[in-house]
Amino acid sequence: MAAALIDGAALARRLNDELKVKVEALAVSGVVPRLGVILVGDDPASHTYVRSKSRAARSVGIDSVEHRLDSSISEAELLALVDQLNHDPDTDGILIQLPLPRQIDVTKVLRAVHPAKDVDGFHPTNVGERVTGAGGIIPCTPMGAMFLIETVRSNIEGLDAVVIGMSNIVGKPMADLLLSAGCTVTVAHIKTVGLPAICKRADIVVVAVGKPRLVRAEWIKPGAIVIDVGINRIVTSDGEKRLVGDVAFEEAAVVAGAITPVPGGVGPMTIACLLLNTFQAALGRRGAELRAG
Ligand code: NAD
């Protein structure tokens with residue numbers, strides 16, 4: 001393997017340690033940031049993610065309150081819970097674990113979260129503020145990916161970046177952050193023609209698709225920074241269950257300059273950034289209260 005391994009787990013630990021100190025300092029003023037997590041249904045992956053997020057929150061001193069709802073819940077009932085958390089003075093951040101059951105309009109529910117408590121950064125107000133450079137809460141996965149890129153190269157101005165995948169959650173905000181950092185950005189997707197050649201010209205490749213081994217060694221420019229966002233559960237030919245990304249890691253690592261592993265790359269950083277956003281939301285909401293106190 002020629003590439004440097006970008007260790008997301010280690011960076012996430014460092015960020016969490018730093019955050020813990022800040023949370024402890026805030027606790028002296030009587031403020032404990034609280035994350036309200038809404039989990040609907042019994043998708044095993046969603047349960048695993050929520051468990052990890054809650055455990056990580058508690059480890060830095062952030063209070064995590066889980067609201068587990070049956071998959072048959074109506075949209076109106078879910079909206080009522082969001083409204084309740086919006087008005088709860090002790091809740092600083094609201095996370096709605098996706099996917100939601102079919103009967104629920106996801107867009108409507110995400111829009112119902114108060115922008116100041118939208119720690120996932122999905123609300124149109126936060127999207128608009130981010131895109132226009134006015135601030136806004138940044139979605140956790142692209143934020144984590146930017147931290148990882150920074151560990152390899154602090155100034156990425158003028159570099160060619162290719163983002164594969166154009167979801168509202170990862171691809172589009174990722175492209176926007178890279179653009180803001182001065183990269184020339186191409187966003188590729190399922191309809192893109194000639195993807196291998198487009199990818200090959202990139203100094204930075206971010207892959208967020210959900211297809212194991214989509215990106216092959218021959219797609220990668222020698223020395224490129226490769227960030228693999230994909231999480232795919234596969235069963236190997238020997239029957240072993242494994243978590244893999246969207247990049248054919250072993251072969252890509254021979255060509256790339258730096259690469260993230262799966263697991264241990266973007267995943268832990270997503271959680272670390274969720275905690276940072278929750279802390280910032282608490283400071284933002286309670287700042288006036290703290291200054292007055
Ligand atoms: P999504 O399904 O919403 O979007 C997938 C995107 O990939 C779409 O824009 C689609 O056009 C594109 N695509 C599909 N097939 C393609 C192909 N053959 N070539 C090029 N583009 C193609 O997915 P998402 O929510 O953005 O998630 C993407 C992946 O990232 C998933 O594996 C998901 O589990 C993972 N993910 C990981 C984290 C993390 O913390 N590591 C967070 C969010 C998502």
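Counting starts at 1 for both ligands and their atoms, in listed order. Quick caveat, the model's predicted, so the values are computed rather than measured.
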Look at atom CZ of R242 and say whether more than 12 heavy atoms of other residues, nucleotides or ligands are closer to it than 6.0 Å.
no
Is atom 27 (O) of ligand 1 close to the protein, meaning a heavy atom under 4.0 Å from it?
no
Need the ligand 1 atom indices (1-based, order shown) with element for anything under 4.0 Å from a heavy-atom of G267.
40 (O), 41 (N)
Could you identify the single nearest non-hydrogen protein atom to atom 35 (C) of ligand 1 and state the distance to 0.1 Å?
V229 O, 3.5 Å
Does V209 approach ligand 1 within less than 4.0 angstrom via side chain, backbone, both or neither, non-hydrogen atoms only?
both
Taking only non-hydrogen atoms of L195 and a 4.0 Å limit, the atoms of ligand 1 in range are 19 (N), 20 (C)
If we only consider heavy atoms of T192, is any one of them less than 4.0 Å away from an atom in ligand 1?
no
Does either side chain, that of R286 or that of S29, offer a donor lying less than 3.5 Å from an acceptor on the other one?
no
Decide if atom NZ of K20 counts as having more than 12 heavy atoms of other residues, nucleotides or ligands within a radius under 6.0 Å.
no
Using a strict 4.0 Å cut-off to heavy atoms of T270, name the atoms of ligand 1 that fall inside it.
39 (C), 40 (O)
Answer yes or no for A208: is there a heavy-atom contact with ligand 1 below 4.0 Å?
yes
Heavy atom to atom 17 (C) of ligand 1, shortest distance: which of L98, I190, T260 holds it?
I190
Between the candidates G210, S167, P173, which shows the shortest non-hydrogen contact distance to atom 24 (P) of ligand 1?
S167
Minimum distance, heavy atoms only, to atom 33 (C) of ligand 1: which one of N232, I231, D246 is it?
I231
Looking only at protein heavy atoms, which one is nearest to atom 9 (O) of ligand 1, and how far off is it?
M166 N, 2.8 Å
For ligand 1, which atoms, with element, lie under 4.0 Å from some heavy atom of K211?
14 (C), 15 (N), 16 (C), 18 (N)
